Amino acid sequence: MSIKLLVVDDDESIREIIKVMLKDYEIIEATNGYEAIRIYESMRPDLVLMDVSMPQMDGVEATKEILKIDPKAIIIGLTAFARSRGKEMLEAGVKEVIEKPFTRRMLKDIIEKYVASAVAGS
């Protein structure tokens with residue numbers, strides 16, 4: 001079974017780094033919150049890595065909207081502003097917030113923690 005991850009970040013270099021770090025997974029990309037919602041609806045990824053600060057619609061709003069579509073969605077916040085916006089993301093419904101810069105091991109541990117539990121629960 002291939003695990004699908006939706007990576008939402010307006011910074012192309014961050015998306016590319018994550019794709020390299022997580023090459024063992026199927027990666028779907030979105031550049032803003034609106035795109036993330038549309039892609040989530042059609043593709044139903046196993047987990048979403050959501051940047052907080054993006055143009056058009058930020059990660060807080062996109063998280064709330066995705067959770068309206070699927071209350072069981074697993075969304076992990078990614079931000080360089082964990083101290084100032086991490087609480088906001090948690091209140092919106094993300095499972096955890098990972099502060100940038102992050103390591104491959106951090107990402108893999110989080111994905112395995114949530115996806116393994118989701119797969120076991122289905």
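In what follows, every heavy atom counts, from backbone to side chain, and hydrogens, waters and symmetry copies are set aside. Predicted, not measured: the structure shown is a model, and the values here were computed from it.
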Lys4 side chain near Ile28 side chain, heavy-atom distance below 4.5 Å: yes

For Lys108, side chain to side chain contact (heavy atoms under 4.5 Å, CB included) partners two or more places apart: Leu22, Asp24, Tyr25, Arg104, Arg105, Glu112

Between CD1 on residue Ile17 and CG on residue Leu107, distance to nearest 0.5 Å: 10.5 Å

Under the salt bridge (charged side-chain N to carboxylate O under 4.0 Å, His left out) test, residues paired with Asp58 that sit two or more places apart: Arg85

Would you tabulate the side-chain donor-acceptor contacts of residues 31-38 under 3.5 Å, counting partners in other chains and residues two or more places apart, or write 'none'?
from: Thr31; atom 1: OG1; to: Glu35; atom 2: OE2; distance (Å): 3.0
from: Asn32; atom 1: OD1; to: Tyr34; atom 2: N; distance (Å): 2.9
from: Asn32; atom 1: OD1; to: Glu35; atom 2: N; distance (Å): 2.9
from: Asn32; atom 1: ND2; to: Gln56; atom 2: OE1; distance (Å): 3.4
from: Glu35; atom 1: OE1; to: Thr31; atom 2: N; distance (Å): 2.9

Spacing of NZ belonging to Lys113 relative to CD1 belonging to Ile76, to within rounding of 0.5 Å: 7.5 Å

OG1 on Thr79 to CG on Asp9, rounded to 0.5 Å: 9.5 Å

With Glu91 via side chain to side chain contact (heavy atoms under 4.5 Å, CB included) - residues at least two apart: Lys87

Side chain to side chain, Leu78 and Met50, heavy atoms closer than 4.5 Å: no

Flag side-chain contact, heavy atom, 4.5 Å: Ile14 against Asp51: no

Residue list, side chain to side chain donor-acceptor pair (under 3.5 Å) with Thr103, at least two apart or on another chain: none

4.5 Å side-chain heavy-atom contact, Met43 and Leu6: no

Give the table of side-chain donor-acceptor pairs shorter than 3.5 Å for residues 62-71, with sequence neighbours excluded, one pair per line with atom names and distance.
from: Thr63; atom 1: OG1; to: Gly59; atom 2: O; distance (Å): 2.7
from: Glu65; atom 1: OE2; to: Lys68; atom 2: NZ; distance (Å): 3.1
from: Asp70; atom 1: OD1; to: Lys72; atom 2: N; distance (Å): 3.0
from: Asp70; atom 1: OD2; to: Tyr40; atom 2: OH; distance (Å): 2.6

Closest non-hydrogen atom pair between Pro55 and Asp10, with its separation: CD-OD2, 3.5 Å

Gap separating the CG atom of Leu5 from the CD1 atom of Ile111, nearest 0.5 angstrom: 4.5 Å

Over all atoms of both residues, closest heavy-atom pair of Arg15 and Ala30: CD-O, 3.7 Å

Flag, side chain of Lys95 to backbone of Tyr114, donor-acceptor distance under 3.5 Å: no

Ile3 vs Leu47 side-chain heavy atoms within contact, under 4.5 Å: no

